[in-house]
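All heavy atoms count here, side chains included; hydrogens, waters and symmetry mates do not. Order of the sequence lines sets the chain letters (A, B, ...), proteins ahead of strands, with each chain counted from 1.
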Amino acid sequence: MQNWLFKSEPSEFSIDDLKQRGQRGELWDGVRNYQARNFMRDKMSVGDNVLFYHSSCKHVGVAGVAKVIETELIDPAQFDENSKYFDPKASHDKPRWFCVRIAFVSKFANLVSLQRLKAEASLRDIDLLKRGNRLSILPVSDTHWQIIESLSQRER
DNA sequence: GCCAACGTTGGC
DNA sequence: GCCAACGTTGGC
């Protein structure tokens, strides 16, 4: 079982939006970065844990927990000419983009802010905080997962 | 809105 | 295969 961190702009799709989807969850389509795609296509399993991170917004940080409920899905947006994720180089014979489906697990009572993460010495080497890391999907170690989860239960 | 840090594209 | 130009991400 692997842990991940998914970034999302809450103005586009927030932890509350995910909660509203309930058991059906949400198809994580539209990822157009090869490294992130490879994580989804090759490394994810049903049941994997996901930290749901709010980026590019007022309160940046980890907002809650989700889980992977379906894997090895072909991203339908690549074939949709009306989608901003349309990829003219993709074909049904040779799809280029893959995705997974995730579902809500919990929302943190207190968002674990980026500031808080940076202040935590034990998170010094988490990929999320490495200089210039703009990947929207990142693996998270068990140790880092536990630290962030414990931060979410602490008073700010 | 700015800008650093990339990833991607395309000419050569 | 190199690399300049361009586009995007994401914190501030």
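If you check every strand for non-hydrogen atoms under 4.0 Å, A:Ser55 touches sugar and phosphate atoms only. Residue A:Lys118 is classed as a sugar-phosphate contact, given heavy-atom separations below 4.0 Å to backbone atoms only.
You'll find the ring centres of A:Tyr34 and A:Trp97 inside the 6.0 Å limit.
Salt-bridge annotation for A:Lys107 and A:Asp16: present, with a side-chain N of the basic residue lying under 4.0 Å from a carboxylate O of the acidic one. A salt bridge is defined here as a Lys NZ or Arg NE, NH1 or NH2 lying under 4.0 Å from an Asp or Glu carboxylate O, and A:Asp75 with A:Arg32 meets this definition.
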Can you give one letter per nucleotide of nucleotides 6-12 of chain B, 5' to 3': B if a protein heavy atom sits under 4.0 Å from the base, S if only from the sugar-phosphate, - if neither?
BSS----
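Using a 4.5 Å cut-off on side-chain heavy atoms (C-beta onward), A:Glu72 and A:Met44 make no contact.
Side chains of A:Trp4 and A:Asp48: a donor on one and an acceptor on the other come within 3.5 Å.
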